[in-house]
Amino acid sequence: MAGFQEPPIKKAKNDRTVDLSANTSQAPTQPSPSQAANGHTKARDGLGSFQNLKHKTPSKGTPQKTKNPEHLRNLLAQRHALPIFPARARLLEELRKNNTVIIIGETGSGKTTQIPQYIHEERLDRKGGICVTQPRRVAAISIAKRVAEEMDTNLGGLVGYSVRFEEAVCPATKVKYVTDGMLLREAISDPLLTRYSWILLDEAHERTINTDVLFGIVKDAQKTRRSLPGHDPLRLLIMSATMDVDHFSQYFGNCPVLYVEGRQHPIEMFYAKKQQEDYVMAAMTTVFQIHREAPPQHDILLFLTGQEEIDSVTTNLRQIAKDGSLAECPRLRVLSLYAALPAHQQLDVFRATAEGERKVIVSTNIAETSITIPGIRYVIDCGRAKVRTYHPGSGFDALKVKKISQAQAWQRAGRAGREASGSCYRAYTRAEFDAMNVNPTPEILRSNLASVMLQLLAMGIKNVVTFDFIDKPSAELLEAAIVQLSFLDAVVIKSDSLELTEAGRKMAQFPLEPRYAKVILSGPEHGCTEEEQAANARRKFTSVEGDHITLLKVFRAFKAAKKNKMWCHENFLNFRNLLYATEVRKQLVQVCERCGVALTSCQQKTDSVRRCLATGLFTSVAELQLDGKYLTLDTKQEAALHPTSALFGGKPAYVLFTELVQTGKAYMHLNSIVDPQWLHDIAPEYFRRKHVKR
DNA sequence: CTCTCCCTT
């Protein structure tokens, strides 16, 4: 690669208009939020700038379990050293004055762990608990553990967490960390979220579909609780890492925005001098540029887009590392990282780098948010990622390599400065960076919304089309979701409203996509409530009927083998996935019992399982054409069986698919053979128009 | 002849 130049704008020391944290030795990687604030009409205080703030000692009354006073003193010292601590009093003042506040805090500010404690210490949670949402399970659990430790209580007592299949709470729990999906579920049975006086939506900048829906739910709950007598106010805190302040603030009634500086080590930024034609090659060249100069144990994290790319780059890097010209350099350990990798290989990236060695981790964006790797001093960012976008017109998801947003680019860069100062090399020019979107497209604007619509309806929200989304999905996207729900008999479209049917109400109870909920509801009709579960199957269990029956066979064999880990290993099956499937199944059985869905088993008559599948997935069927290709019946899209499918290579006349993803081609994933006669039985009107043979 | 990534009583 042509090499990198230093950025045209270096961080200006002692100039607050450029860099909020310039008065500290630890500058943030990101252009400071204060920049965004300057353009604001209302004065918005930078919390970090307040001095001489006193800290009240935590009030008594928390269950004491002190074992090691020194350890506790240590924890307290750490808490006091966090950037948010000097702003404690000022923050609480704002929280007392306003029902909704937005907090912008960079990584390391301590907002997620400290703010709930501050609220509790001041007993502002007397009338109801504090709920803090996280997009990821592991985060919810590990943060709760940390906070329980800091508050010197047992996890599951005053401080707890609740994620799917795992919960540590009791009636006395005041500070609860949950996944945002979990809070959404709670909102179905309690739309006003009456158990809480405080809801803190964390990582709001990620704009996951769940957070976006929650924005609307909590805003509505707050308003309703204010208007109805006998309700205590609902206090909202929206916590975000980026500066898309105006958008959030406008949505929440121009509420105040508070800034907390982060604790990041400085990161030197480098951009490509000129546009790179081949970002993979550019990135590889940069690895060796760094490798020649950097001291050993200064590890490199390289962001690329996908498995194939990553595997080929790791292979190449290993090959080049053997080159004689690098004999003087540290030994290079090259590792791949992506979600599909087996667990033990994922764990490899955490192994500390030995003396005289360097590791290079070549990763997807899993290392952007989900996995934090210690020891990283250099980040190389290719500036791209795979993005999934649902196209309601054709019914498929496109999975395409796209330019990342500036916010993501800063997030990636930040991975170099977690333990010490670092460097970030961008395989794109400064001008290319400036041309990137500031923020990524929110997930809710590029997803199938059938689940969201069903959930909103189940919460009693009458007009889902006019629901107050922070970013409103297109009419086409909303329409497609409603049409899908009406095909599934979950809703009835009336002249000017939507009505949830009895079946729809039941479907909403299942933690599943509506299509699959429908499959389960149709179980008793066909004498089987056995569900297939996601797992990695191998040839031995492959069924001619398709992937679903294959998975069912795997699952049954797993149970027969008494969920044995060795057995999985011997049969090339993923133990953890199968265990997870067991949990899912247990949960679904419980929901069935609650909804009065009879539990029956079809034993060996697996065609009735496929029949059930068709009742939920009949809009996802493709027909074999004379030329040997498939066309989807719903939208007449050309589609191919995915090579991992059990049906791949065969040519059944009708196949049902669970997912249609366009990568190189439009591929059908997880397929089963379907009998066209069933289709006419299930949805006669629909299939008459599709001209399906009998 | 192929696979960004989270998540749900």
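Letters go in sequence order (proteins before strands), and every chain restarts at 1.
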J.: Are OP1 or OP2 of B:dT8 and a side-chain N or O of A:T179 less than 4.0 angstrom apart?
T.: yes
J.: Name the nucleic acid region contacted by A:A339, choosing base, sugar-phosphate or nothing; use a 4.0 angstrom heavy-atom cut-off, strictly under.
T.: sugar-phosphate
J.: May I ask you to say what A:L399 touches in the nucleic acid, namely base, sugar-phosphate or nothing, with a heavy-atom cut-off under 4.0 Å?
T.: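 The residue A:L399 makes base contact.
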J.: Just N and O in the side chain of A:K665: are any of them under 4.0 Å from OP1 or OP2 of B:dC1?
T.: yes
J.: Considering residues at least two apart in sequence or located in another chain, which fulfil the salt bridge (charged side-chain N to carboxylate O under 4.0 Å, His left out) criterion with A:R136?
T.: A:E206
J.: Mind checking A:S189 for me? I need base, sugar-phosphate or nothing, with any heavy atom below 4.0 Å counting as a touch.
T.: nothing
J.: Looking across every strand, which nucleic acid part, if any, lies under 4.0 Å from A:V661 by heavy atom: base, sugar-phosphate, or nothing?
T.: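 Here A:V661 touches no strand at all.
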J.: Heavy atoms under 4.0 Å, any strand shown: does A:I209 hit a base, just sugar-phosphate, or nothing?
T.: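 If one applies the 4.0 Å heavy-atom cut-off, A:I209 turns out to touch nothing in the nucleic acid.
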J.: For the residue pair A:T372 / A:R415, report whether a side-chain donor-acceptor contact shorter than 3.5 Å exists.
T.: yes
J.: Could you work out which one of B:dT4, B:dC1, B:dC7 sits closest to the side chain of A:F648?
T.: B:dC1
J.: Any side-chain heavy atom of A:V313 within less than 4.5 Å of one from A:V280?
T.: yes
J.: Closest to the A:K386 side chain: B:dT4, B:dC5, B:dC1?
T.: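 The closest nucleotide is B:dT4.
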J.: Report yes if a side-chain nitrogen or oxygen of A:T663 is closer than 4.0 Å to either non-bridging phosphate oxygen (OP1 or OP2) of B:dT2; otherwise report no.
T.: no
J.: Which of the following nucleotides, B:dC6, B:dC7, B:dT2, is nearest to the side chain of A:H642?
T.: B:dT2
J.: Relative to the 5' end of DNA chain B, which residue comes earlier, A:F165 or A:A340, by the nucleotide with the nearest heavy atom?
T.: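 Final value for this comparison: A:A340.
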J.: Look at the side chain of A:H205 and the backbone N and O of A:A241, then say whether any donor-acceptor pair between them is shorter than 3.5 Å.
T.: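 Side chain of A:H205 to backbone of A:A241, a donor-acceptor pair under 3.5 Å: yes, one is there.
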J.: Which whole-number value in Å describes the distance from A:Q346 CD to B:dC6 P?
T.: 8 Å
J.: Tell me the interatomic distance from A:N448, atom CG, to B:dC5, atom C1', rounded to whole angstroms.
T.: 17 Å
J.: Please figure out whether A:V591 or A:I371 has its closest DNA chain B nucleotide nearer the 5' end.
T.: A:I371
J.: Please tell me whether A:E309 and A:T305 have a donor and an acceptor in their side chains that are separated by less than 3.5 angstrom.
T.: yes
J.: Would you kindly give the CG-to-C1' distance between A:L454 and B:dT8, to the nearest whole Å?
T.: 13 Å
J.: I'd like to know if A:R164 reaches the base of B:dT8 with its side chain such that a donor and an acceptor end up less than 3.5 angstrom apart.
T.: no
J.: What is the distance from CG of A:D212 to P of B:dT8, rounded to the nearest Å?
T.: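 It works out to 17 Å between those atoms.
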J.: Assess whether atom CZ of A:R318 is packed by more than 12 heavy atoms of other residues, nucleotides or ligands within 6.0 Å.
T.: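 Yes, the 6.0 Å shell around CZ holds more than 12 heavy atoms from other groups.
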J.: Roughly how many Å is it from CD in A:E206 to C1' in B:dC7, rounded to a whole number?
T.: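 Spelled out: CD on A:E206 to C1' on B:dC7 is 12 Å.
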J.: Just compare B:dC6, B:dT8, B:dC3 and give me whichever is closest to any side-chain atom of A:Y580.
T.: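 In terms of side-chain proximity for A:Y580, the closest of B:dC6, B:dT8, B:dC3 is B:dT8.
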J.: For A:T208 and A:T211, test the side chains for any donor-to-acceptor distance below 3.5 angstrom and give the result as yes or no.
T.: yes
J.: Should A:T364 be listed as having a side-chain N or O under 4.0 Å from OP1 or OP2 of B:dC5?
T.: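 Checking A:T364 against B:dC5: at least one side-chain N or O falls below 4.0 Å of OP1 or OP2.
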J.: What nucleotide, of B:dC5, B:dT8, B:dC7, holds the atom closest to the side chain of A:R136?
T.: B:dC7
J.: A:P643 has a side chain; which of B:dT8, B:dT2, B:dC6 sits nearest to it?
T.: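 Given the options B:dT8, B:dT2, B:dC6, the side chain of A:P643 is closest to B:dT2.
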J.: Could you state the atom-to-atom distance from CE of A:M453 to P of B:dT8 in whole Å?
T.: 21 Å
J.: Nearest whole angstrom, please: distance from the P of B:dC5 to the OH of A:Y338.
T.: 9 Å
J.: Measure CG/A:L184 against C1'/B:dC6 and give the value in whole Å, please.
T.: 14 Å
J.: Considering only side-chain heavy atoms of A:N365, which listed nucleotide, B:dC6, B:dT4, B:dT8, is closest?
T.: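 Within the option list, the nearest is B:dT4.
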J.: Closest approach to the side chain of A:R388, judged atom by atom: which nucleotide of B:dC1, B:dT4, B:dC7 is it?
T.: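 Side chain of A:R388 sits closest to B:dT4.
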